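Report on the following structure.
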Amino acid sequence: MKRGLVKICSLGRPEDARAARAAGVDLAGMIFAPARRQITPEVAEAIVAALREGPDAAPQAVGVFVNEAPDRMNALAERLDLDLVQLSGEEPPEAIAALSRPVIKTLRLRPGTNPADARRLAEQYLAAPVPPVALIVEGWIPGAPGGTGHVADWSLAAVLAAEYPVILAGGLRPENVADAIRAVRPLGVDVSSGVEVPGAVGVKDHARIHAFAAAARAAFEAEQRASAPDPVVATRADRSDGSTVALLKETRKIDRSMGIEERS
Ligand SMILES: O=C(O)c1ccccc1N[C@@H]1O[C@H](COP(=O)(O)O)[C@@H](O)[C@H]1O
């Protein structure tokens, strides 16, 4: 079973993108929704170029949108050569089919959501004609689509992570990411505010990016060493995460009619 994706979200500067790449993260997010960390396409171009500088493997570039029109998402994905699109609003499952890139869908679970309802919600997306490649599970704050530093319900997230390809988000920091991985056993982890310079929204602290990635990797490795693979019984998360990780780590573009295409 292969797990261990690390995503740094809400990059706002090319130098922060270089730090994320140097830290070996898998996914790098940029906010295109009207939010505190929203960036322009011009800034995003510079960030994507910085992510892909040099011979090392580049993190996947993720465009983060909230209830956006598919045409605008596809146009930005094309212009910036995005690898993935993250939907962090109330987009319905069928919305994914209109997008030209693989999708990560955020599920913000309200306090009091029970496991059966959370599973039903996840299933609605994963049963869509074009399903998301992963689900981000995070906490819920009224009116805020993300980047709040609010910690998710780890027990509920663990229920979903046992069955589905879940990336855990919400209030993660270098100091708590190992505990979160042990508690939830997610496919990956995602952080925005927890690696920022205090008081400087959208400005990343490079030492904290490195500390977050190192702590997450160590915890994922420890988890993998500790878990005895069962060759017979495989949960849906087990079956899906090999291909999800491969897709998220290695795939650059998906042409829906031709299948998966690697960046040359
Ligand atoms: O980071 C933001 O500002 C943001 C804005 C709008 C939609 C999503 C956003 N980020 C996502 O928020 C969580 C993590 O936030 P935090 O670590 O608790 O600050 C994650 O899903 C980001 O992708």
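Please read all numbers here as calculations on a predicted model, not as lab measurements. Order of appearance sets the numbers: ligands from 1, and atoms from 1 within every ligand. Both backbone and side-chain heavy atoms feed into the values below; hydrogens, waters and symmetry mates do not.
Counting only residues at least two apart or in different chains, ring-ring contact (aromatic ring centres under 6.0 Å, His included) contacts with residues 26-55 comprise Phe32-Phe65. Applying the salt bridge (Lys or Arg N to Asp or Glu O under 4.0 Å) test to pairs two or more places apart or on separate chains, those with a residue in residues 206-216 are Glu175-Arg208.
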Give me the pairs of N or O atoms, one from ligand 1 and one from the protein, that sit under 3.5 Å apart.
{"residue": "ligand 1", "atom": "1 (O)", "partner": "Ser10", "partner atom": "OG", "Å": "2.5"}
{"residue": "ligand 1", "atom": "1 (O)", "partner": "Ser192", "partner atom": "OG", "Å": "2.8"}
{"residue": "ligand 1", "atom": "3 (O)", "partner": "Arg37", "partner atom": "NH1", "Å": "2.8"}
{"residue": "ligand 1", "atom": "12 (O)", "partner": "Gly147", "partner atom": "N", "Å": "2.7"}
{"residue": "ligand 1", "atom": "15 (O)", "partner": "Gly147", "partner atom": "N", "Å": "3.1"}
{"residue": "ligand 1", "atom": "17 (O)", "partner": "Ser192", "partner atom": "N", "Å": "2.9"}
{"residue": "ligand 1", "atom": "18 (O)", "partner": "Gly149", "partner atom": "N", "Å": "2.9"}
{"residue": "ligand 1", "atom": "18 (O)", "partner": "Gly171", "partner atom": "N", "Å": "2.8"}
{"residue": "ligand 1", "atom": "19 (O)", "partner": "Gly149", "partner atom": "N", "Å": "3.3"}
{"residue": "ligand 1", "atom": "19 (O)", "partner": "Ser193", "partner atom": "N", "Å": "2.9"}
{"residue": "ligand 1", "atom": "19 (O)", "partner": "Ser193", "partner atom": "OG", "Å": "2.5"}
{"residue": "ligand 1", "atom": "21 (O)", "partner": "Glu138", "partner atom": "OE2", "Å": "3.4"}
{"residue": "ligand 1", "atom": "21 (O)", "partner": "Asp190", "partner atom": "OD2", "Å": "3.0"}
{"residue": "ligand 1", "atom": "23 (O)", "partner": "Lys7", "partner atom": "NZ", "Å": "3.1"}
{"residue": "ligand 1", "atom": "23 (O)", "partner": "Gln86", "partner atom": "NE2", "Å": "3.0"}
{"residue": "ligand 1", "atom": "23 (O)", "partner": "Asp190", "partner atom": "OD2", "Å": "3.0"}

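Here the shortest heavy-atom pairing between Arg182 and Arg185 reads O-CG, 3.8 Å.
Ile209 has its side chain out of reach of Asp205: every pair of non-hydrogen atoms, C-beta onward, lies at least 4.5 Å apart.
Through direct or relayed side-chain contacts under 4.5 Å between Ile, Leu, Val, Met, Phe, Trp and Tyr, Val197 connects to Val203.
Other residues, nucleotides and ligands place more than 12 heavy atoms under 6.0 Å from the CD atom of Glu94.
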